[in-house]
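What you see is a predicted model; the values in this text were computed from it and never measured. Protein chains get the first letters and strands the later ones, always in sequence-line order, with residue 1 at the start of each.
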Protein chains: 2
Amino acid sequence: MARATVQEVAKTAGVSVGTVSRVLNGSPAVSESSKEKVTTAIRQLNYRPLASARDLRRDRTMRILALAKNLNSPVISEVFRGVGDAAALSGYVSLIAPTSGDLEREQQLVDMLRNSSVDGLILFSPTMSDDDVETLAEQFSVVQVCEIADSEAAFGVSIDDRQAAFDITRHLIETGYQRLAMIGNRAARSGRLREAGFRQAAAEADLSPDQMLFVEGDFDFHAGRRLTRKLLETGPLPDAVFCGSDTVAAGCVREITDAGLRVPDDIAVAGFDDSVQAEMCIPELTTIRQPAYDMGQVAFESLLERMTVAGAHRRGRLFLPHELVVRGSTKA
Amino acid sequence: MARATVQEVAKTAGVSVGTVSRVLNGSPAVSESSKEKVTTAIRQLNYRPLASARDLRRDRTMRILALAKNLNSPVISEVFRGVGDAAALSGYVSLIAPTSGDLEREQQLVDMLRNSSVDGLILFSPTMSDDDVETLAEQFSVVQVCEIADSEAAFGVSIDDRQAAFDITRHLIETGYQRLAMIGNRAARSGRLREAGFRQAAAEADLSPDQMLFVEGDFDFHAGRRLTRKLLETGPLPDAVFCGSDTVAAGCVREITDAGLRVPDDIAVAGFDDSVQAEMCIPELTTIRQPAYDMGQVAFESLLERMTVAGAHRRGRLFLPHELVVRGSTKA
DNA sequence: CCTATATTTGGAATCGATTCCAAATTTGAA
DNA sequence: TTCAAATTTGGAATCGATTCCAAATATAGG
């Protein structure tokens with residue numbers, strides 16, 4: 001059975017294509033009797049309007065695309081859940097695609113925006129340069145979320161990573177820790193901001209450079225272990241380690257524990273994100289809670305404005321509030 | 001600057017629309033000089049073919065959609081990575097959407113297949129009934145992955161969940177454990193199969209019913225803790241617990257440890273999936289490794305066949321091999 | 001130089017849903 | 001019953017890329 005068209009529905013229902021289309025789109029200018037005939041014919045033929053024809057004529061798709069490097073991060077899946085729910089409320093479908101950090105793949109996906117396969121784009125951790133993002137956003141509806149370069153033209157939705165890192169580092173210092181270390185990730189835009197916050201807090205407390213150890217690498221469990229090992233082997237031991245993510249912190253706690261030391265008595269550990277892993281650690285992690293779901297919602301609202309309002313101004317960051325969560329991995 | 005069309009490109013290049021289209025699609029029947037003129041005009045106008053117009057005329061989109069309840073499971077993200085890589089190799093774009101287990105949302109997304117927004121569909125954990133999946137697959141290109149009901153008409157790609165659960169339970173029994181418990185999830189198709197495998201292995205070893213405790217609930221960390229608590233409080237203590245996922249197993253280990261018991265000396269724990277969490281536990285988990293990435297690839301290949309080969313037969317399951325991974329959470 | 005063949009080109013028709021305008025029909029008031 | 005206004009309807013034009021066929025041009029062989 002081939003696909004039915006409006007023409008066939010019209011013929012079956014004994015009306016014109018115009019009337020069929022009006023019924024499909026809920027136009028009030030249709031008599032009850034016509035509406036019923038059309039509805040019957042549609043059911044009978046199992047008819048569905050062809051998306052490409054509709055999109056072509058209407059010049060919009062009611063679809064958006066969200067890009068990220070990976071999907072296995074708790075923050076990302078929560079952000080995208082927020083995006084999806086907000087999108088659904090406005091009648092949009094939100095699609096997700098991972099780029100694997102592959103620039104070519106990312107380009108192919110971004111082309112879905114350029115060729116109007118989707119109406120808007122949400123970027124989580126773009127591989128392309130900040131300039132390319134900027135250029136893209138000049139012509140199309142784009143919103144960045146979480147990972148936003150700290151440049152002049154920055155725009156998007158995130159927490160204030162620098163401030164958050166400052167806050168948690170400050171907490172460590174106030175709790176009495178004096179030899180701080182950080183495991184960061186300079187590859188990520190947020191990672192650089194968190195490092196800046198860490199250094200700022202340390203500097204304001206007059207910690208000397210050798211009281212501020214820093215190592216950096218990927219943001220996964222194994223990297224956390226490896227980097228912690230490096231930290232324990234080289235130089236003097238820190239008394240607290242601030243990790244750029246809970247996953248890294250989990251690796252850190254594990255490595256410290258395996259080395260026969262105790263958390264937080266010998267070395268305290270702080271994470272970032274307040275993901276499930278923060279609660280899976282022993283002891284549970286002191287960390288920064290990101291309002292991931294809310295950020296997703298706000299990101300979509302912001303995108304919606306850019307898609308629908310003609311001259312919506314594109315500049316500006318939106319910071320959502322973060323929260324310090326104190327648990328057993330640091331002393332009270 | 002409005003969007004350019006083939007017409008405008010043709011005019012700028014001084015050729016016909018036919019020639020522009022031929023250049024766009026790499027037809028050999030174009031002279032070098034025309035090709036160059038067109039290429040220049042395209043660059044000059046920053047032209048991109050409009051997806052909806054192309055899709056309408058060609059009657060295909062080169063896009064597929066993958067659905068799952070959530071994205072935060074390590075297995076799902078790995079499966080979808082496999083799908084995405086395989087799709088890219090064949091020139092397809094693979095999109096992902098979470099349904100949140102909401103039937104209405106799922107319907108809306110499945111409609112993207114019905115209205116030809118995408119050429120094919122990969123279902124991970126459908127909310128709709130098995131019959132509805134069956135009906136859908138009769139008319140469209142659909143492949144199930146991981147979660148496949150054990151019915152007559154079952155089709156899709158997965159491991160043999162029943163056999164895998166049988167294997168790991170068997171391993172527990174052979175290691176010497178005699179009072180087995182399982183934490184399962186009857187809401188999932190795979191969960192029911194794993195329970196069956198567990199029961200079968202226990203039955204074949206002549207374990208009596210009160211040597212086969214069973215509790216069930218969701219598959220997350222907190223559920224794992226809660227269900228383990230239930231297990232510890234009621235009835236006689238098991239000496240080994242088989243959990244339907246690593247995440248649940250992580251909760252189980254944690255709860256047992258917090259209760260002052262030791263893993264595996266007092267109670268052994270086995271997981272399922274071999275996700276990162278298996279390595280994050282103390283001790284690390286004995287578990288079943290699923291070839292998630294490969295399953296994704298195979299699922300796409302299977303879908304590709306259905307999308308392109310006319311009368312491709314749709315029936316049949318494809319089982320990929322699983323692997324028992326023995327670690328410290330059970331005795332050797 | 002001329003015909004036969006191969007290569008390249010132009011442009012109308014097409015895909016299917018929407019929309020606009022004019023025409024037809026209904027409704028209501030007088 | 002009649003006319004004006006409101007409601008409903010039909011159908012052609014439209015969106016933009018592709019494709020097919022015929023026409024034009026180029027190439028080669030004799």
Side-chain angles (χ1 to χ4, degrees), chain A residues 1-39 41-42 45-63 91 111-119, chain B residues 1-39 41-42 45-63 91 111-119:
Chain A
M1 168 180 62
R3 163 183 284 288
T5 69
V6 262
Q7 321 288 339
E8 298 172 284
V9 172
K11 194 193 283 181
T12 307
V15 298
S16 72
V17 293
T19 301
V20 175
S21 181
R22 277 178 283 253
V23 172
L24 283 173
N25 297 289
S27 159
V30 185
S31 68
E32 276 305 319
S33 80
S34 294
K35 191 185 291 184
E36 200 178 295
K37 283 189 286 183
V38 170
T39 311
I42 286 177
L45 297 174
N46 192 24
Y47 167 79
R48 303 270 166 166
L50 190 75
S52 54
R54 181 162 30 76
D55 293 346
L56 171 59
R57 190 53 231 246
R58 287 205 176 142
D59 197 27
R60 68 191 165 134
T61 65
M62 298 304 278
R63 277 175 257 139
D111 271 342
M112 290 187 62
L113 182 64
R114 295 205 162 96
N115 69 24
S116 296
S117 287
V118 296
D119 297 338
Chain B
M1 169 179 63
R3 162 183 285 288
T5 70
V6 264
Q7 321 288 340
E8 299 171 285
V9 173
K11 193 194 282 184
T12 306
V15 299
S16 72
V17 292
T19 301
V20 174
S21 182
R22 269 166 233 136
V23 171
L24 283 173
N25 296 289
S27 156
V30 184
S31 68
E32 276 306 318
S33 80
S34 295
K35 191 184 294 185
E36 199 177 296
K37 281 188 288 183
V38 171
T39 310
I42 286 178
L45 297 174
N46 192 24
Y47 167 77
R48 303 269 167 169
L50 190 74
S52 54
R54 180 160 33 73
D55 293 346
L56 171 60
R57 190 52 229 242
R58 285 207 175 140
D59 196 27
R60 68 189 166 135
T61 64
M62 298 304 278
R63 279 175 256 138
D111 271 342
M112 290 187 63
L113 181 64
R114 296 204 163 95
N115 70 23
S116 295
S117 287
V118 295
D119 298 338

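Computed from coordinates, the B:D55 CG to D:dC15 P distance equals 19 Å when rounded to whole Å. The CG atom of A:D59 sits 16 Å away from the P atom of D:dT14 (whole-angstrom rounding). Atom CZ of B:R60 and atom C1' of D:dT18 are 11 Å apart (whole Å). The CZ atom of B:R3 sits 9 Å away from the P atom of D:dG16 (whole-angstrom rounding). Distance A:I42 CD1 to C:dA17 C1': 12 Å, rounded to the nearest Å. Residue B:R58 contributes atom CZ, which lies 17 Å from atom P of C:dC15 at whole-angstrom precision. With rounding to whole Å, A:L56 atom CG is found 9 Å from D:dT14 atom C1'. The separation between B:L24 atom CG and D:dT18 atom C1' is 10 Å, rounded to whole Å.
Between the side chain of A:R57 and the base of D:dT14, a donor-acceptor pair under 3.5 Å is found. Looking at A:R54, its side chain has no donor and acceptor atom pair within 3.5 Å of the base of C:dT18.
For the atom pair OG (B:S117) and CZ (A:R54), the distance works out to 7.0 Å, reported to the nearest 0.5 Å.
At a cut-off of 3.5 Å, with distance as the only test, a side-chain donor of A:S116 or B:R3 sits close to an acceptor on the other residue. Between the side chains of A:T61 and A:D55, no donor N or O sits under 3.5 Å from an acceptor N or O.
Here the side chain of B:N25 pairs no donor or acceptor atom with the backbone of B:S27 at under 3.5 angstrom.
Ion pairing between B:D111 and A:R48 holds under the 4.0 Å rule for side-chain N and carboxylate O.
In terms of phosphate contacts, B:Y47 brings no side-chain nitrogen or oxygen within less than 4.0 Å of OP1 or OP2 of D:dG16. At C:dT18, one or more side-chain N or O atoms of A:N25 fall inside 4.0 Å of OP1 or OP2 (strictly under the cut-off). Distances shown here put a side-chain N or O of A:S21 below 4.0 Å from the OP1 or OP2 atom of C:dT18.
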Heavy atoms under 4.0 Å is the rule here; annotate nucleotides 5-10 of chain D 5' to 3' with B where the base is hit, S where only the sugar-phosphate is, and - elsewhere. ---SBB
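When each of B:T12, B:V6, B:L24 is tested with B:I42 by the rule side chain to side chain contact (heavy atoms under 4.5 Å, CB included), just one qualifies, namely B:L24.
The salt bridge (Lys or Arg N to Asp or Glu O under 4.0 Å) test applied to A:K37 returns no partner, not counting sequence neighbours.
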